[in-house]
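Owing to the predicted nature of the structure, the values given are computational and were not obtained by experimental measurement. We use all heavy atoms of the structure for the numbers below, so side chains are in, but hydrogens, waters and symmetry mates are not.
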Amino acid sequence: EKIEVFQNGSKESFKYLFNALVECKATLKHVNVQDNKKVNASVSEMTNFIKQCTNVEYLNISDLPMTKSNCKLVYQSLI
């Protein structure tokens with residue numbers, strides 16, 4: 001499975017998206033959420049998604065305007 005939600009201009013956070021992606025973890029392989037503005041409000045859900053969705057082979061989270069502390073949280077979930 002593949003999902004691409006990049007440059008969508010959403011004014012809402014991505015909490016619901018990341019929670020829904022966890023539900024698809026068995027088949028999800030490709031995720032692109034690059035260049036979205038409201039990611040800081042959903043870093044907890046993003047890190048949970050990263051930790052649980054171990055079948056993902058491609059993850060593009062570039063150009064996300066995260067705070068330095070949120071970048072550290074995401075980094076820790078990736079390693």
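For Asn55 (side chain) and Thr27 (main-chain N/O), no donor-acceptor pair under 3.5 Å exists by modelled atom type.
Residues Ser42 and Phe14 share a closest heavy-atom pair of OG-N, 3.4 Å. Between Ser77 and Ile50, the shortest heavy-atom distance links the atoms O-CG2, 3.5 Å. The two residues Asn40 and Met66 have their closest heavy-atom pair at OD1-CA, 3.3 Å. Looking at every heavy atom in both residues, Met46 comes nearest to Val74 through SD-CG2, 3.7 Å.
Taking 4.5 Å as the limit, some side-chain heavy atom of Leu28 sits within range of a side-chain heavy atom of Phe49. Between Asn36 and Leu64, the closest side-chain pair of non-hydrogen atoms falls below 4.5 Å. Side-chain contact check for Val31 versus Val5: every heavy-atom pair is 4.5 Å or farther apart. Annotation: side chain of Thr47 is not in contact with side chain of Asn70 (no heavy-atom distance under 4.5 Å). With contacts defined as side-chain heavy-atom distances shorter than 4.5 Å, the pair Val22/Phe18 does not qualify.
A side-chain donor from one of Gln34 and Asn60 sits under 3.5 Å from a side-chain acceptor of the other. A donor-acceptor contact closer than 3.5 angstrom links the side chains of Asn48 and Gln52.
Rounding to the nearest 0.5 Å places NZ of Lys2 at 8.5 Å from OH of Tyr58. Between the CD atom in Glu1 and the NZ atom in Lys29 there is a gap of 10.5 Å [rounded to 0.5 Å]. For the atom pair Glu57 CD and His30 NE2, the distance stands at 11.0 Å (nearest 0.5 Å). Taking CG of Leu78 as the reference point, atom CG of Leu59 lies at 6.5 Å (rounded to 0.5 Å).
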